[in-house]
Number of protein chains: 2
Amino acid sequence: MQETLDHRLEERNIKPTAVRLLVLKAFMAQEAAIGLADLENRFDHADKTTLYRTLKTFEEHKLIHSIDDGTGALKYALCQETCDCAPEDLHVHFLCTVCNKTFCLNDTPIPQINLPTDFSLDSVNMVVKGLCSDCR
Amino acid sequence: MQETLDHRLEERNIKPTAVRLLVLKAFMAQEAAIGLADLENRFDHADKTTLYRTLKTFEEHKLIHSIDDGTGALKYALCQETCDCAPEDLHVHFLCTVCNKTFCLNDTPIPQINLPTDFSLDSVNMVVKGLCSDCR
DNA sequence: GAAGCCTGTGCAACCGGGTTGCAAAAGTGC
DNA sequence: GCACTTTTGCAACCCGGTTGCACAGGCTTC
C-alpha cells in the first residue's frame, strides 16, 4: 500500500512527505470528491494552509483535478492514471443532493453542443445534480 | 420604456421602486449576465445590500435567474418572459474567457446524458467556456 | 560539522463574495 | 395624522480561499 502511494506520487514528480501521503491515502480510500474542509476535519492536527497547498501541488502535477459543483467549496478527485487533464479527459460530475457527495462520472463524456455562430469552444463544466445510488 | 419596465415588474408581482427599476433597466440594456459587483460599480451611490436584496427578490419572482459560471461570483440574467424556471427552461451558459462576459444560450438546451444505473437526475448546470463573437 | 540553501510546514492575517441584524426612511391603509 | 408594512442603508459577520512570513528539516558544500 505504502509502495503504491509512493509510486503514485513519484509518477507525477511529487516528493512524498508525511502530509502528502496522508492526503493521497484519503483520496485513494474513497470514491467521492474531497474538499479542503473535509481534510481539515479528518486530520485535525494538520494545518489548513498545508492541506491547501498539498491540494494545489497535487493539482499542478495533475494527480487530482478540481471540481466546482456549485456548493461554494471546491472539491478534488483523483485523476485517472493516464490523465493529462486535456479536453478529452473532461467528464461529467455528479452531485448528490442528499448526501452532498460529488462523483466523477468518468464514463460519461461531456456531450457535444452547438454554439451560436462565431462562438468558439474552449472547455465545458457540466455538473449534474440528483440522487446517487446510495440515496435513492 | 418606463412603461415596459413597470409592466415587467408587475407581471412578476414585484413592486416597482426606484432601485428596482434602475436594476431592471440595467438588465434590459445589455445581453450579458450581471453580477452584484457590476451593479455596485454602476450605481456607486446605491448600497450593496439593497442591490443584493433586489437581485434576490427578482430571482424569487423568477424575473431573473442566477448563473454560477465558475468565476467565483454569481451572475444573473433576465428570464425569458415565459420562463417558469422549470427544468425545461434550463439552458447552457457561455463564459467568454477574454471579456469575461457570460451569456445565456437560450437556444441551446442542455443535452441529455446517461447516468450510471441507480442515479437519478434532478438538474444540470452546464457552462461552456470559450471566445464570444466579439472576442475572436 | 558549520554555513548556506531549498523545500515543506504552521500560524496569522487578509481578501472577496455573500449574508444577516437592526434601525431609519418611505410607502400604504385607515 | 397614525399605525403598519415594505424597502433601504449601514455595520458587522461568515466562510472559503489565499498570502506573507517565520521556522523546521533535509541536503549540499566547503
Side-chain angles (χ1 to χ4, degrees), chain A residues 5-6 9-10 12-26 33-61 63-77 93 95 100-102 125 127, chain B residues 5-6 9-10 12-26 33-61 63-77 93 95 100-102 125 127:
Chain A
L5 294 174
D6 274 354
L9 289 178
E10 273 161 30
R12 298 287 185 171
N13 285 310
I14 304 170
K15 282 194 203 159
T17 68
V19 177
R20 287 171 183 174
L21 288 167
L22 224 51
V23 171
L24 176 55
K25 207 166 163 182
I34 297 179
L36 180 53
D38 298 329
L39 294 178
E40 277 186 82
N41 295 334
R42 196 159 331 187
F43 314 122
D44 52 347
H45 51 286
D47 181 69
K48 179 187 172 188
T49 313
T50 303
L51 295 171
Y52 168 72
R53 286 198 261 243
T54 301
L55 290 174
K56 284 291 174 197
T57 304
F58 283 9
E59 190 184 15
E60 270 165 33
H61 289 74
L63 177 59
I64 60 178
H65 61 276
S66 70
I67 307 169
D68 182 351
D69 61 10
T71 53
L74 279 183
K75 291 175 185 163
Y76 296 85
H93 291 113
L95 167 64
N100 226 38
K101 284 182 186 158
T102 301
N125 181 30
V127 178
Chain B
L5 294 174
D6 274 354
L9 289 178
E10 274 161 30
R12 298 287 184 173
N13 286 310
I14 304 170
K15 283 193 204 160
T17 68
V19 177
R20 288 172 183 173
L21 288 167
L22 223 53
V23 171
L24 177 54
K25 206 165 163 182
I34 298 179
L36 181 53
D38 298 327
L39 294 178
E40 278 185 81
N41 295 335
R42 197 159 329 188
F43 313 123
D44 51 348
H45 48 287
D47 180 68
K48 179 187 172 190
T49 312
T50 303
L51 296 171
Y52 168 71
R53 285 198 262 240
T54 301
L55 290 173
K56 283 292 173 197
T57 304
F58 282 9
E59 190 184 15
E60 271 165 31
H61 290 74
L63 178 60
I64 60 177
H65 60 277
S66 69
I67 306 168
D68 182 351
D69 62 8
T71 53
L74 279 183
K75 291 175 186 163
Y76 296 84
H93 290 112
L95 168 64
N100 226 38
K101 284 182 186 159
T102 301
N125 180 31
V127 179

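Order of the sequence lines fixes the chain letters, A, B, ..., with proteins taken first and strands second; residue numbering starts at 1 for each chain.
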To the nearest Å, how far apart are A:Phe43 CZ and C:dG10 P?
-> 12 Å
Note: for A:His45 and B:Lys75 on DNA chain C, the residue whose nearest nucleotide lies more 5' is A:His45
Ignoring hydrogens and angles, answer whether the base of C:dG8 and the side-chain atoms of A:Lys15 contain a donor-acceptor pair closer than 3.5 Å.
-> no
How long is the span from the CG atom in A:Leu95 to the CG atom in A:Asn100, to the nearest 0.5 Å?
-> 5.5 Å
Of C:dG8, D:dT8, D:dG17, the nucleotide closest to the side chain of A:Thr17 is C:dG8
Below 4.0 angstrom from OP1 or OP2 of D:dG9, is there any side-chain N or O of B:Thr50?
-> yes
Gap between atoms CG and P, on B:Leu22 and D:dT8 respectively (whole Å) | 11 Å
What's the CG-P distance between B:Leu39 and D:dG9, to the nearest Å?
-> 13 Å
What nucleic acid atoms does B:Lys56 come within less than 4.0 Å of, heavy atoms only: base, sugar-phosphate, or nothing?
-> sugar-phosphate
Taking N and O atoms by type only, does the side chain of B:Arg53 place a donor or acceptor under 3.5 Å from a partner on the base of C:dG18?
-> no
Can you tell me how far CG of A:Leu39 sits from CG of A:Asp47, rounded to the nearest 0.5 angstrom?
-> 12.0 Å
In terms of heavy-atom contacts, A:Ile67 and A:Ala33 come closest through CD1-CB, 3.8 Å
Between P of D:dT8 and CD of B:Glu40, the distance in whole Å = 15 Å
Identify which one of A:Thr54, A:Leu5, A:Val19 satisfies the side chain to side chain contact (heavy atoms under 4.5 Å, CB included) criterion when paired with A:Leu24.
-> A:Leu5
Quickly work out the B:Ile67 CD1 to C:dG17 C1' distance and round it to whole Å.
-> 17 Å
What is the distance, rounded to the nearest whole Å, between atom NZ of B:Lys48 and atom P of C:dG18?
-> 8 Å
Spacing of B:Leu74 atom CG relative to C:dT19 atom P, expressed in whole Å | 7 Å
Rounded to the nearest 0.5 Å, how far does CD1 of B:Ile14 lie from CD of B:Glu60?
-> 9.0 Å
Select one nucleotide: of C:dG21, C:dT9, D:dG17, the one nearest the side-chain heavy atoms of B:Thr49.
-> C:dG21
Measure from CG on B:Leu55 to P on C:dT20 and round the result to the nearest Å.
-> 15 Å
Starting at the 5' end of DNA chain D and moving along, which residue's nearest nucleotide shows up first, B:Ile14 or B:Asp47?
-> B:Ile14
Respond yes when some side-chain nitrogen or oxygen of B:Tyr52 is under 4.0 Å from OP1 or OP2 of C:dG18, and no when none is.
-> no
Out of D:dG16, C:dT19, D:dT7, which nucleotide sits closest to the side chain of A:Ala73?
-> D:dG16
